[in-house]
Each structure stands twice: as structure tokens, then as C-alpha cells.
Number of protein chains: 2
Amino acid sequence: MGRVTIRDVAERAQVSTATVSRALSGAKPVSPAVVDQVRRAADELGYAGNGIASALRRSRTDTVGMVVPSIANPFFTGLVEHVEHALQDVGRQLFLCSSRSDPELEAQRLRSLVARQVDGIIISPVHGSLSTTAVRWAADELPLVQVDRYVTGVDSDWVGVDDDAALELVMEHLADRGVRSAAFVSSQLTNSSTELRGAGFRRHAARLGIAVRERDVLLGEYSIEWGRQAALALLAAGPRPDAVVCADDLIALGMLQACAAAGVDVPRDLLVTGFDDIPFAALSHPPLTTVRQPQAEIAAEAVRLLSRVLGAQEAPPARVALRPSLTVRSSTSR
Amino acid sequence: MGRVTIRDVAERAQVSTATVSRALSGAKPVSPAVVDQVRRAADELGYAGNGIASALRRSRTDTVGMVVPSIANPFFTGLVEHVEHALQDVGRQLFLCSSRSDPELEAQRLRSLVARQVDGIIISPVHGSLSTTAVRWAADELPLVQVDRYVTGVDSDWVGVDDDAALELVMEHLADRGVRSAAFVSSQLTNSSTELRGAGFRRHAARLGIAVRERDVLLGEYSIEWGRQAALALLAAGPRPDAVVCADDLIALGMLQACAAAGVDVPRDLLVTGFDDIPFAALSHPPLTTVRQPQAEIAAEAVRLLSRVLGAQEAPPARVALRPSLTVRSSTSR
DNA sequence: CGGGGTCGTGCAATCGATTACCTGAACGGG
DNA sequence: CCCGTTCAGGTAATCGATTGCACGACCCCG
């Protein structure tokens, strides 16, 4: 297990370490015969190189870090998958961290990524303001792109979905279905995208003449469990609204389950919508009408923006809001 | 963005770099006054350290790599979350890679992790034999623990669930429900756990007098989509078995959806079981009876085994098969 | 045949932190 | 008051790969 180094290879191939390095990386021309000799020596010794040493010298690791609030949420894992895919095309690896929706942990992850000298960071920050300090610091240290959510007060690229447009789609769809009153179930409005969804909900409800009672706006967290609890609270509290707009699919799925358990028929008695269009949204009973996020595009754009900065091209921070679309399923069709 | 190094801190604090290093790491005693001075200097300069340089010198990174076949599958993401949790307690960070069920990509990830000098690797190998070479090589280079699945011919620790016992639970449960014939829908039997599940299915079916027709054993991949397709194939092909045993929950959920669409009532017309007990298994229609994997325990044990090896304690490779349990829901209750 | 250019290779500095070894001061006991 | 011990802190080697610079061989053209 004693690691084999470039010196060992050099010795065996009867050349200098410089030549070995050049032969293997192809950075500078080396005569074919020598390349062959070196390759053989490296193979015979099982030379694997030392990425750490290489990273130290070149001060780049060909690695980007990604920090997401949760890896239990299929929306984020989908995003991660696409990012990983996109990165592979530009020859980089992904270093994934979960901040578990904790700004403290998030700051720690960021510090760790910076210390590990990743070439850049893609982050979906936990909190609109509590995350600011750490994100700003990281953005000062190296290229950083925010996805899905962003914190205020940091000049960095951002790419996500147009949340207001998304809620416009949802609310107009509901209005078309004859909805006159609606509830909104969400996590706390402590990050940009959630906040924008809440604002969009209210704005478009007002515009379309859909009534919103204050007690029908329920804020908890992005989880199935919260969806269940919110459903119970909603059903227990007097007259039902015509529809429930959920800020993500996990909440909506929990809501659907609790409704079924309580004998409330969706969509006959109540319409329900979600957000993200995770794979499981098609499997619920009834299948969920939800906003489809263009995950692949978001990921590709994030990687593109990061590469741009990595290529040292100075440019004003970009804010890219992609158009969402609506996937209509049975949870809103009578 | 010019990084601040230990020399800068040393200069500002009027001490040597050695002292800075010791003051910040606490490796050797440094007078409180100097520690304070150094701390202040480091703070003022925003010193973040260089993990790469440190790693090179100490030849450890306090990082472990994890390679899973898919990060779209909630079973693996659940595992990853628990592993990350457990690692945090021992002061290490997780470097997550997805092999996307491709042995080639998996080998590449392993090479990359070794080059990055992670301290150890936790892997759920893609393929029982195609993964062997890469896994063996990696296991030679550094401590390695296999989880869930294992490859043949590598002496490494493994921790997972007792698949035979799991299928015993499933089949006995089905027998109790009066099932006389069953189908098995799975991915290809090209990895250890899937293979063991298939074998367990047959063994316990035979033992309990449950009939299994060859054409009712359908092998595809671990995905919702394959579950759907298998359902169609199964329903199209003459007389239905009494039950369908699925090798994971994704397949089972796809199966349930396709059954509902085809007007087959589960559990009245057909019983369906899954494997893993992912969060979404409780949300389907009907809720899914499935084998619960003790994810937290698997993760904790994997980390424990890895720490054992990292602590240089030589020991024979351990194979830890944890007991699964059965979560009974409506998909098998008449 | 000589001068300028190209090309392959080696030497040694370098990246930034850690640490083995050394130095000098302070201190305590005989 | 002297010598051995202790301890803080400095000097410089080290981890392994990359790369600027230099050197020698060879080629081409005038």
C-alpha cells in the first residue's frame, strides 16, 4: 500500500520526473518512444498519481462543489444529477454537500469546500438572509453560482425558475377550473424562491378574484409530513377553500395522502397543486398537477455560467430566470 | 482574491509559520498570548487555510468518498444522508459520486477518489463481476467498505441487509394472505443483493408451496418506468398470479400505477410488495407493503467499519447482514 | 560550413502547510 | 550559584507533482 510516486516511475523508465509528468499529461511534446517507456513503467507500477500534490502545484482541482439544502428532496437530487452530467462534459467532478437546511452547517460546508480548493461552487442557499455572510465570503474566494434560490446582497450569478410566472400558470389554471378561493401551503418564506411563490400566489389570486383567507396560508417546511399536518389543520378549520396551492411536491403529496385518509375526494371536493414535478408526482392518488421545473436547463446554465467565470471572463452577474410550465394531472381536473 | 497563506498570517502576527500552524491546530502547546495574537491576525486577514497543502503534508484529507449507482433512488439518498450524518460525528466530510449504474463510470469515480486521496471509500458497487477489478484495485489502495451490494472476490468489509431473511418475511406474509402463485419483478440479477433477492424469492416460494411461472419472472432495471412496463407485460400475459413481489419500491410504485390505470384493483385482484420502504412507499395508492431496510444502522455500521480500518486496526473483513423488517400496508391487505 | 532555430530532456524552484530537530530562556534543586 | 530539565518557538526539510529555465543535439538555409 506504499503509494507509488512519480519518482518511482521516473526511475524505472530511466528518465526525469519532469519527463514523466509531461509524458503522462501531454502538456509538452515528448518523443513517442519515451512516452511509451513511461506509460509502460507507470502501468507496471500501478501508478495512480497524487491529485493532491498536483492540485497544490496547479492550484486547481478540476472539481466543483455543490451545496443543497437537502438530498432527500427529489427536486434537488434531480438537479444534482443533471449538474453532475453537465460537469462531466467539461471534465470536472462534483463534490456534493448537504446543508440539511441549517445555515450553520451550510457555512461549515462552504468553508470546507473553499479549503479544499474546489474550482467553483454551485449552491442553493438555505436562507435568504442568514446564509448571506457565508455565501458572500465564499463568492469572494472563488467563482460561485446560485441555483433555485439566492441570497440578497451577494453579487453572483443566479439561475432558477421564474416563480412569479409559475404561480401565474397555477392560478390561471385554477381560475379556469372555477376556483373562487384558495389556500397556500409552504415552508417558511425565508428564502427567495419560497418568498416569490408566496408573493406570486397572493398577487395572482387578487388579480383573478380568488379569495385568500389569512388562516389558509400555512407555513411550515418542505416535507411530506408538513403537508399532512397542514391538511389536517386546513380540514379542521371550518369551510374548505376550493383549492390548495402547495409550494412544493412533497407538501402536496402529504396533503393528498391526508385528504384521502380524511375522506376528502380530490379533485371533487378540493383541487391540489404542487411545484417541481418530481417523478413521484405522477404516482400519487390522484396524480398531481404541478409546475414543471426545467431541471436540465437550470443545471446546464449553472455549469455554463460557472465555466464562464472559471475561464476568467469578467462579466456582470447574470440572473437567469427560466420559464416553467404546468403539468396538468387529475388533482385539478373534475 | 489572492489567497492569504500561513506566511501572511505569520508575518502579521510577528511569529514563524510553524507557530501559526501550531497555534491554530493546537498540535503543540503555544503560549496563550501568542495564540491570541495569531487568531486575531488570521481573522483580520480572513485566513482560510489551504486544505490541499495540508492534505499533501499529512497525507490525509479527513474526507471519505462514497459511490452509489444512482442518486435518483431515494433508497440511496437516504443511505447517503445517514452516512453523512455519521461521518460528521467523526469529523469527516463526504465526497459523493454517482456511478449511474455504469461500471465504466464507476471505475473512473474510484480512480478519481483515490487520486484525491480520500481517507476511505464507501461503495455500493454496480455490478457483481464487472465492478470487481476497479473495486479490488481501490480496496488495495485504501480502506474500503461495501454497502448494500458487494462484488465477489474482494476481501473487504460489507454491510447490508439480510436479503434472504427479507424475502422470507415477504413470502410468509403473502402465504398468510392465501397467495398461491407469485411473480417477481426486478432489475437484472447482476449484483449481489438483487441476486440474493431473486434466490430468496424462489427458495421461499418453493418452501411455502407458492407457484412461480418462469414467464412471471421479469428482469429489467430499478426504475418506476420498468415497473410500469413489467405491469403491462404481466397483465397482458394470460392468467394473473395472486401477487407480485418487486425487488425495490420504485418498481413496485410503477407497478401500482400501471395496475390502477389498467383497472386492476390492488389488493383485491392482486397483491404487490416492494423493497426498501422509501418515504414515497406510504403515499401510493394503495400504500405499499414493503421491506424496511435499517438505513441508519447500515450507515452507522459502515462508518464504524471504516473508522476501524482507518484506525489501522487490522482485522478480518467483516460481513454484517442486518435484519430487515416488514412494513405492512394496504397493498397486501384485503 | 557556420549561425539561428527547433525540439526533447533535465535541473531545480515552487505550491502551502506540517513537523523533526534545534536553540535559548526560564526555572528549580542541590 | 551552577547544571539539568522543561518548554516555547524558530529553522528548514518534507509531502509529490508541475513548470520556468537552461542545455545540448540536430536541422535547415544561406
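The side chain of A:Ser16 contributes an N or O atom lying less than 4.0 Å from OP1 or OP2 of C:dG10.
Among the protein residues, B:Ser59 comes within range of no part of the nucleic acid, since none of its heavy atoms lies under 4.0 Å from any strand. Residue B:Gly51 is out of contact with every strand shown, counting any heavy-atom pair closer than 4.0 Å. No engagement by A:Val20 is indicated, since no non-hydrogen atom pair under 4.0 Å with the nucleic acid exists.
In the displayed structure, A:Arg58 atom CZ is contacted under 6.0 Å by more than 12 heavy atoms of other residues, nucleotides or ligands. For A:Glu44, the CD atom is densely surrounded, since the number of other residues' heavy atoms within 6.0 Å is greater than 12.
B:Arg60 has its CZ atom 15 Å from the C1' atom of C:dT19, to the nearest Å. The distance from atom CD1 of A:Ile52 to atom C1' of C:dA17 is 13 Å, rounded to the nearest whole Å. With rounding to whole Å, B:Leu56 atom CG is found 14 Å from C:dT19 atom C1'. Taking atom NZ on A:Lys28 and atom C1' on C:dC7, their separation rounds to 9 Å, with Å as the unit.
Using a 4.0 Å cut-off between charged side-chain N and carboxylate O, A:Asp8 and A:Arg12 make no salt bridge. Ionic pairing of B:Arg304 and B:Glu301 is present here: one or more N-O contacts between side-chain nitrogen and carboxylate oxygen are shorter than 4.0 angstrom.
Below the 3.5 angstrom threshold, one finds a donor paired with an acceptor across the side chain of A:Arg57 and the base of C:dT14.
The nearest heavy atom of DNA chain D to B:Val15 and to A:Ser21 marks one nucleotide each, and the one closer to the 5' end goes with B:Val15. In terms of position on DNA chain D, the residue among A:Thr5 and A:Arg22 whose nearest nucleotide sits closer to the 5' end is A:Thr5. The residue among B:Ala53 and A:Gln14 whose nearest nucleotide of DNA chain C is located toward the 5' end is A:Gln14.
Under a cutoff of 6.0 Å and an axis angle of 45°, B:Arg319 and B:Tyr150 form a cation-pi pair.
For the residue pair A:Gln117/A:Thr61, the side-chain donor-acceptor check at 3.5 Å is not satisfied. A donor-acceptor pair shorter than 3.5 Å can be found between the side chains of B:Thr19 and B:Ser16.
Of the residues in residues 29-39 of chain B, those with a non-hydrogen atom less than 4.0 angstrom from any atom of DNA chain D are B:Pro29, B:Val30, B:Ser31, B:Val34.
Checked against A:Val145 for a side-chain contact (heavy atoms from CB on, under 4.5 Å), the options A:Ile123, A:Val159, A:Val303 give a single hit: A:Val159.
When DNA chain D is scanned 5' to 3' for any atom under 4.0 Å from a heavy atom of chain B, the first and last hits are D:dA8 to D:dG16.
Scanning both residues, B:Gly46 and B:Val4, for their nearest heavy atoms gives O-CG1, 3.8 Å.
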